Amino acid sequence: MTMPAAAPVWNEIWRVLAYTLAIALAFVALARLERVLFSTFATQERLQRAGLIDRDEPSLARDAAAIDAASRDALQRLPPGHRLAAVRLGYELGFANEFTGSYAMSAPAVRARAEVVARPHLSIARAQGALLGLQAIEPLPVRTLQEFTDLGRRYEDDENGLAGVVERDVSPLHRELFLLGAQLGLESARVEGSAGEHALPPARLIRRHATLAGIAPALWRPLSEEPRPGEMPAQVLARYRAGLLALGNALAGPDPASPAASH
């Protein structure tokens, strides 16, 4: 598969956020209670699932080595930026899904404005998909509260088959990067939308996908941490943004010689 040029640097996302969040502030008061309600349900759902993810460190290491071996040819032929493109594909879809989903039960006018906020994120997701040679990039449908609270699990279950397409057409390692990005995007929409007040990252999933993709713990651990005692919401927001920026800058650079060696 012929690959286009490298993906743009991660910093672009903050320009998009500045635009989209400015629009969001114009109507967020109309649905503030709904966001609090939905965030509560989402938090409960993640806590219920927290003990169901892999705990076996040796098994995770073996899986990472197998994914590395199966992906080595793709890693050697793809241009710089392909790992960042896979993460951003998942990130932008996750962000758009979480944001619009949080207004799924709102009035039609509010839902329409939420879709305006999400539109730039979907455009970026489709552009990242094109860099990887992928088509038909769409978010998961959210029509009910249950579909919203299940978004993280639905991405893990590959409900729309996109993760499988990434694995088939790019590599197994890129599948893990895509799923990592989706979980980060879901969390980022909650953190950004609440200005740092709502933060409960899916730590086990972040650890799993990052480890399987050969990402160093120093990069994924800051994104998996819950708010620290005494930490203010603005500090949570700044820390999360800094973690995303560090991860993006690392993935935009040269690939490691062996991803499995990074964990």
Side-chain angles (χ1 to χ4, degrees), residues 7 9-10 13 46 49-72 74-75 78 80-95 98 125 128 132 151-153 155-158 162-164 166-167 170-191 199-226 236 239-263:
V9 177
W10 184 270
I13 188 172
R46 290 194 301 279
R49 297 199 303 270
L52 303 179
I53 312 302
D54 291 294
R55 300 178 180 86
D56 189 348
E57 183 70 34
S59 175
L60 199 60
R62 288 193 298 270
D63 289 345
I67 287 173
D68 174 27
S71 306
R72 198 159 297 164
L75 293 174
L78 296 175
H82 58 89
R83 294 183 302 150
L84 178 57
V87 170
R88 291 198 65 193
L89 168 60
Y91 178 95
E92 302 295 347
L93 281 179
F95 192 105
E98 176 73 19
Q128 302 309 301
L132 296 171
L151 273 171
R153 178 189 60 77
Y155 273 101
E156 291 298 307
D157 291 346
D158 197 17
L162 184 54
V166 172
E167 179 175 5
V170 190
S171 84
L173 183 138
H174 290 82
R175 174 194 176 102
E176 300 303 328
L177 290 169
F178 165 74
L179 291 173
L180 170 65
Q183 295 298 333
L184 294 177
L186 292 168
E187 176 66 7
S188 184
R190 289 186 289 266
V191 174
L200 186 61
R204 293 183 184 276
L205 290 174
I206 291 171
R207 170 182 173 271
R208 173 175 173 77
H209 293 306
T211 301
L212 292 177
I215 294 175
L219 292 171
W220 61 258
R221 278 179 181 150
L223 295 167
S224 68
E225 293 179 359
E226 296 183 19
V236 173
R239 178 165 56 83
Y240 197 79
R241 287 179 172 179
L244 286 175
L245 187 60
L247 175 64
N249 287 338
L251 294 180
D255 295 336
S258 175
S262 299
H263 72 279

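Everything quoted here is computed from the prediction, not taken from an experiment. Just so you know, residue 1 is the first one in the sequence shown, and it goes up from there. The analysis underlying the following values was restricted to heavy atoms, covering all of them including side chains, and did not include hydrogens, waters or symmetry mates.
Counting only distance, with no hydrogens or angles, the side chain of E187 and the backbone of L200 share a donor-acceptor pair below 3.5 Å. Under the 3.5 Å distance criterion, the side-chain polar atoms of S71 are left unmatched by any main-chain donor or acceptor of A74.
The CG atom of D68 sits 7.0 Å away from atom CG of L75, with the distance rounded to the nearest 0.5 Å. To the nearest 0.5 angstrom, R239 atom CZ is 9.0 Å from L223 atom CG. To the nearest 0.5 Å, the span separating CZ on R83 from NE2 on H174 amounts to 8.0 Å. A distance of 10.5 Å separates CG in D63 from OG1 in T211, rounded to the nearest 0.5 Å. Interatomic distance, E98 CD to L93 CG, rounded to the nearest 0.5 Å: 13.0 Å.
Side chains of L173 and E176 form no contact here, defined as non-hydrogen atoms less than 4.5 Å apart. The shortest distance between side-chain heavy atoms of L212 and L179 does not fall below 4.5 Å. Contact annotation: the side chain of L60 approaches that of R207 to within less than 4.5 Å [non-hydrogen atoms, C-beta and beyond]. Counting heavy atoms from C-beta on, the side chains of L177 and I215 come closer than 4.5 Å. Between L78 and V170 there is a side-chain heavy-atom pair separated by less than 4.5 Å. Looking at L184 and W220, their side chains never come closer than 4.5 Å, going by heavy atoms from C-beta outward.
In terms of heavy-atom proximity, A125 sits nearest to L89 at O-CD1, 3.3 Å. Of all heavy-atom pairs spanning G94 and Y155, the tightest one is N-OH, 4.0 Å. Counting all heavy atoms, side chain and backbone alike, R190 lies closest to P202 at NH2-CD, 4.5 Å. Across every non-hydrogen atom of P172 and A70, the tightest pair is CG-CB, 4.0 Å. Shortest non-hydrogen contact noted between L219 and A250 is CD1-CB, 3.6 Å. When all heavy atoms of I206 and P201 are compared, the closest pair comes out as CD1-CB, 4.1 Å.
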In sequence, state the C-alpha distance, the side-chain angles, and the governing distance for L244 and Y91, and then conclude on side-chain contact (heavy atoms from CB on, under 4.5 Å).
-> CA-CA 10 Å; L244 286 175; Y91 178 95; 3.6 Å; yes

Given side-chain contact (heavy atoms from CB on, under 4.5 Å), test F95 with L186 step by step and report yes or no.
-> CA-CA 5 Å; F95 192 105; L186 292 168; over 6 Å; no

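Here R153 does not pair with E156 in a salt bridge; the nearest charged N to carboxylate O distance is not below 4.0 Å.
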